[in-house]
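Written below as structure tokens is the structure these notes are about.
Convention: sequence-line order gives letters A, B, ...; per-chain numbering from 1. Heavy atoms only: backbone and side chains are in, while hydrogens, waters and symmetry mates are out.
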Amino acid sequence: MCLRYHHPAMARRYDASEIEPKWVKVWEDEGLYQASEDPDDPRPRFYALDMFPYPSGDLHMGHMEAFSGGDVIARYRWMRGDDVLHPIGWDAFGLPAENAAIKRGARPMEWTYANIEQQAASFRRMGMSFDWTRRLNTCDPEYYRWTQWLFLRFFERGLAYRKESPVNWCPNDQTVLANEQVIQGACERCGSIVERRDLTQWFFRITDYAQRLLDDADTLEDWPERVLTMQRNWIGRSEGAEVTFTVDETGEEITIFTTRPDTLWGVTFFVFAVEHPAVQRLAELGGTWDDVRPLVERARQTSLVDREAAASKEGVALGVHAVNPVNGERVPCFVAPYVLMEYGTGAIMAVPAHDQRDFEFAREHGLPVRVVIEPPTGPVDPDAMTEALPHDGVMVNSGPFDGEPSPTSIAKVTAWLEAEGRGRAAVNFRLRDWLLSRQRYWGAPIPIVHCPRCGEVAVPDDQLPVELPKDADFRLGGESPLARHPTWKHVACPSCGGEAVRDTDTMDTFVDSSWYFFRYCSPGFEDGPFRPEDVARWMPVGQYTGGVEHAILHLLYSRFFTKVLHDMGMVPFVEPFPKLMNQGQVIYDGAAMSKSKGNIVEPMPLVERWGADSMRLTMLFAGPFEDDIDWKLIAGEPDRRPGVHAWLGRVFTAVQDAGERGDAPEPDALVRLTHKTVRDVTDDLDRYRFNVAISKLMVLTNEIRSTLDAGGGAAVAGRTLTQLLAPFAPFTSEELWREVLGEGASVHTSTWPTFDPSLTTENTVTMVIQVDGKVRDKVEVAADIDEAAALDIARASERATAAVGDRRVAKEIVRAPKLVNLVTAR
RNA sequence: GCCGGGGUGGUGGAACUGGCAGACACGAUGGACUCAAAAUCCAUUGCGCUCACGCGCGUGCGGGUUCGAAUCCCGCCCCCGGCACCA
């Protein structure tokens, strides 16, 4: 029986370990994937960008998934005739290198480069179509020279500045963190509870770009909805008004921000954040400092956002009063942790009738509640209220605005405040400036010299890079490694030549990764971070692929950098990544892979055992690219042969046998299926539906195998299958293309197959005959029959007639040749 | 609580604008080959009733629109992700 399929003398069995390493070398020798340097190259350009890896060890499953998807896209674009830029590099600075060095005694640099080489070797083994000539590492002085250069441009424009402020301090990593790196009050890296410290630190003025970051998000062509939502939430724009109250006892003006100026007449008290600079002075004046002081001191010791305290409704009266500018009322002032110094102005007007937090505070402290927005259900007794009232209603107890309905009340009150000079429309953002300095060793040094006479002085461009000392003592404790180095920081002031010291902080690694995609366009460029013409030629990126964990941090920062570079006239666009794709996570048995759970599956041993092609296909076929993959469910034990490996084996024999059979003189069913498959796989690839595309290739494989006896069309089907397979299984397809089909050049530089639309439809189709919408019969009909013929066939159907029974057919819906629905009278 | 995404067989998932639900796989069961196993090949596989032809039910739940709904509308439930005293 098997002889039907096999020609024992000819058939070669599929053996990944025999074919894969061979092609790695051939492709590299042939320089297959190098992007053109020629500005006049007529081909369309496509920049396929993958989020560059952090070299923490060998590649893990997450890398496999992400880079497999990115590689399919790059290879597909090559075959479609594009000039493709598909680079690779390493995000090589960062804490883990330093921590590993502390633990094992190796230098951060050695640890980092060893890991990079291991990952590079694994990428090669995977057959990734990278342009290795453009490779970069952010920890190379050649690279961080330009990170520093960019910092100085930001510094010149006032976008990099130093200030003292309360900051997030990770006691474990011994460094400050950006707001974005604090998750639920804990360090994003190590999970330690973050402490609050008052320190002088460097910031990027990203808040200047808040509105543009928000507005331009709407112009992005194709980003996952959840990522856009996260960015919008993070930026956190709210519209409202600023209103200035006056402290009755001192006459000083205190401005507050509110989104509900229409509730100004309902203010019954006023609250300061614990950290507000006026608190101590006002408490001393009001004679309440002894009561207030414990709150203030506790806040200094706990984390920046003390959630527990904020959640409580504790608070202390200050003994002073605020005067409401809209009605001259005098209300008591409090200090309470539920008001945050970080948002708005650090002081609020309290309207207990219409704000739940104010309501709870009022009840706790026996303060009056005054309803100023009457709900549609009628008057409300403030004493009977159990929660704050919703927003809808009509203004009452509000002087000139009584009777004003809620949809227009905010705008009217705001306009009135401006006209009266008592307040103004205002917008508030949740976004804070980006704290970029770190008290650690393994990062790009901040290129600033502190001079007792000249202040903060930029290191001149021609003295960049400010290199890291190789002999640092980077162990934890005490001062940071650069600060404690005996000689490194001592330097002459570039301005006056006097004795000065370098800034001893390094930059957050997110600074490095905010511009690496520009550098890929001009590797080795000596006169700037990139050559503007190269960036204009390649960018914006055609497709950006990477993990959703960067939804806020990396993607927001990169967008910010791009806008600044745009304002500097260095890039012609404002968004670097119009199209973003997030791969799903690879989990195991319902849980994230982790050392502590002991459920980590190492990919490279599986690649050695079953092949890189099987590894890629297993992931890409498992489901939509953006969905999580549970490795236990789709692959099970490492010894279990992957289903896709068996399929590749069948492809291997099918293409061999098909080649033997030659082509039919007339296009037959197999040829038609081949054309249809080209159409469908092309469409699926354009929409990144890899799992569906692969299933279509499986169908074609099955069809080739089951029709081999019938002859005809097999050769073109086998050849086309080989090409369509190329983006997904680069090794297997190459082996078939060159060794079995005898083509001279690589399948990966072959032209993507086209299809003849007249051959993508069948001669006959299955027509469905329904009665009242239920399927009652199916009939094979000619694909080109008209409505009348379709109806005749439906009427002739015995099954349909039986289903109609003795009822009258009142209406016939005909969608020839697909469907006829006989509708009976009711 | 607010925002975003989702809920389809035993499992992963298909079903382009409303038109044959379950493609393609995995798993399972039976069979062929084998001393045996692996590999390979063949068959069956949504649930229920039926010897069978068939019939009924079926895309989280309840309604609605339509000749016809996984798909559109209304109201719920549940799961995942993000944000959260943000004034």
Base, sugar-phosphate or nothing for A/Arg237? Non-hydrogen atoms, less than 4.0 Å.
nothing
Any-strand Watson-Crick or G-U partner of B/rC72, both distances under 3.5 Å
B/rG64
Counting side-chain heavy atoms from C-beta on, which of B/rG19, B/rC41, B/rG12 comes nearest to A/Leu633?
B/rG12
Could you work out the separation of B/rC16 and B/rG10 based on their P atoms and round it to a whole Å?
23 Å
Has A/Arg430 got a side-chain N or O lying under 4.0 Å from the OP1 or OP2 atom of B/rA84?
yes
Any strand: nucleotide that pairs with B/rA28 via Watson-Crick or wobble, under 3.5 Å
B/rU44
Residue mapping more 5' on RNA chain B - nearest nucleotide basis, A/Trp647 or A/Gly773:
A/Trp647
Taking B/rG46 as the reference, what is the distance to B/rC35 when you measure between their C1' atoms (whole Å, please)?
41 Å
Using the C1' atom as the reference point in each nucleotide, state the distance between B/rG68 and B/rG27 in Å, no decimals.
35 Å
Nucleotide B/rC53, atom C1' - distance to CG of A/Asp777 in whole Å
14 Å
Measure CE/A/Met230 against C1'/B/rC80 and give the value in whole Å, please.
12 Å
Would you sort out whether A/Asn428 and A/Ser238 count as a side-chain hydrogen bond (donor to acceptor under 3.5 Å, both in side chains), showing the intermediate values?
CA-CA 5 Å; A/Asn428 220 301; A/Ser238 40; 5.9 Å; no
Nearest of B/rA14, B/rG4, B/rG19 to any side-chain atom of A/Lys818?
B/rG19
How close or far is atom C1' of B/rG12 from atom CE of A/Met698, stated in whole angstroms?
12 Å
Give the nucleotide from the list B/rG19, B/rC24, B/rA39 with an atom nearest to the side chain of A/Ile813.
B/rG19
Watson-Crick or G-U wobble mate for B/rC83, both contacts under 3.5 Å
B/rG1
Looking at B/rG19, I'd like to know if its phosphate oxygens (OP1 or OP2) sit under 4.0 Å from a side-chain N or O belonging to A/Asn821.
no
Side chain of A/Asn233 only, heavy atoms from C-beta on: which candidate in B/rC83, B/rG81, B/rG13 is closest?
B/rC83
Taking the side chain of A/Thr766 as its heavy atoms from C-beta onward, which of B/rG82, B/rC20, B/rA87 lies nearest to it?
B/rC20
Would you call A/Arg298 and A/Glu314 a salt bridge, using N to O less than 4.0 angstrom?
yes
Taking the C1' atom in each of B/rG5 and B/rA87, what is the distance between them to the nearest angstrom?
29 Å
Check whether any side-chain N or O of A/Lys774 sits under 4.0 Å from OP1 or OP2 of B/rC57, and answer yes or no.
yes
Partner of B/rA38 by Watson-Crick or G-U wobble geometry, both contacts under 3.5 Å, or none?
none
Please state whether the phosphate of B/rA15, meaning OP1 or OP2, lies under 4.0 angstrom from any side-chain nitrogen or oxygen of A/Arg689.
yes
Ignoring hydrogens and angles, tell me if any N or O in the side chain of A/His365 forms a donor-acceptor pair with the backbone of A/Leu367 under 3.5 Å.
no
Considering only atom P, compute the distance from B/rC73 to B/rC86 and round it to an integer number of Å.
32 Å
Identify whether any heavy atom of A/Val339 sits under 4.0 Å from a base atom; if not, whether one sits that close to sugar-phosphate; answer base, sugar-phosphate or nothing.
base
Stepwise side-chain hydrogen bond (donor to acceptor under 3.5 Å, both in side chains) check, A/Glu780 with A/Thr766
CA-CA 5 Å; A/Glu780 281 294 309; A/Thr766 305; 2.6 Å; yes
Between the side chains of A/Arg689 and A/Asp683, is the shortest nitrogen-to-carboxylate-oxygen separation below 4.0 Å, so that they form an ion pair?
no
For residues A/Ser614 and A/Tyr14, is any side-chain donor paired with an opposing acceptor at under 3.5 Å?
no
Of A/Ile254, A/Leu264, A/Val271, which meets side chain to side chain contact (heavy atoms under 4.5 Å, CB included) against A/Met349?
A/Leu264
Closest to side chain of A/Phe621, choosing from B/rA87, B/rA23, B/rG12
B/rG12
Compare side-chain N and O positions of A/Arg799 against OP1 and OP2 of B/rG54 and report whether any pair is under 4.0 Å apart.
yes
Any carboxylate oxygen within less than 4.0 angstrom of a Lys/Arg side-chain nitrogen, looking at A/Arg807 and A/Asp772?
yes
If I pick the C1' atom on B/rU34 and the same atom on B/rC20, what distance separates them, to the nearest angstrom?
43 Å
Mind telling me whether B/rG9 is syn or anti, cutoff 90° either side of 0?
syn
If you check the A/Lys778 side chain, which of B/rC20, B/rG13, B/rC24 turns out closest?
B/rC20
B/rG4 C1' sits how many Å from A/Trp234 CH2, rounded?
17 Å
Examine the base of B/rC67 for any acceptor or donor lying under 3.5 Å from a partner atom in the side chain of A/Lys811, and report the outcome as yes or no.
no
Find the distance A/Met581:CE to B/rG5:P and express it as a whole number of Å.
19 Å
Is a donor-acceptor contact shorter than 3.5 angstrom present between the side chain of A/Gln356 and the base of B/rG1?
no
Taking only side-chain N and O atoms of A/Asn702, does any of them lie within less than 4.0 angstrom of OP1 or OP2 on B/rA25?
yes
Starting from P on B/rC24, measure out to CZ on A/Arg705 and report it in whole angstrom.
14 Å
Nearest-Å distance once atom P is located in both B/rG58 and B/rG48
15 Å
Between A/Arg815 and B/rC67, is there a side-chain N or O to OP1/OP2 distance below 4.0 Å?
no
So what does A/Arg776 touch, heavy atoms closer than 4.0 Å: a base, only the sugar-phosphate, or nothing?
sugar-phosphate
What is the separation between atom CG on A/Asn582 and atom C1' on B/rC80, rounded to the nearest whole Å?
15 Å
With heavy atoms under 4.0 Å as the rule, sort A/Glu225 into base, sugar-phosphate or nothing.
sugar-phosphate
Of the candidate nucleotides B/rG27, B/rC86, B/rA39, which contains the atom at the shortest distance from the side chain of A/Arg640?
B/rG27
Testing B/rC67, B/rA14, B/rC20 for proximity to the side chain of A/Val768, the answer is B/rC20
Note: A/Arg260-A/Asp262 ion pair, threshold 4.0 Å (strictly below):
yes
Roughly how far apart, to the nearest Å, are B/rC33 and B/rA38 at atom P?
15 Å
Taken to the nearest whole Å, CE/A/Met619 to P/B/rG13 is 14 Å
On RNA chain B, compare the nucleotides closest to A/Ala347 and A/Gly643; which residue's is nearer the 5' end?
A/Gly643
Would you mind classifying the nucleic acid contact of A/Asp358 as base, sugar-phosphate or nothing, using non-hydrogen atoms under 4.0 angstrom?
nothing
Heavy atoms from C-beta onward define the side chain here; which of B/rA14, B/rA39, B/rG19 lies closest to that of A/Pro624?
B/rA14
Under 3.5 Å, side chain of A/Arg679 to main-chain N/O of A/Pro757, donor-acceptor pair present?
no
Under 4.0 Å: is that the gap between some side-chain N or O of A/Arg232 and OP1 or OP2 of B/rG82?
no
Under 4.0 Å between a side-chain N/O of A/Thr229 and OP1 or OP2 of B/rG81, yes or no?
no
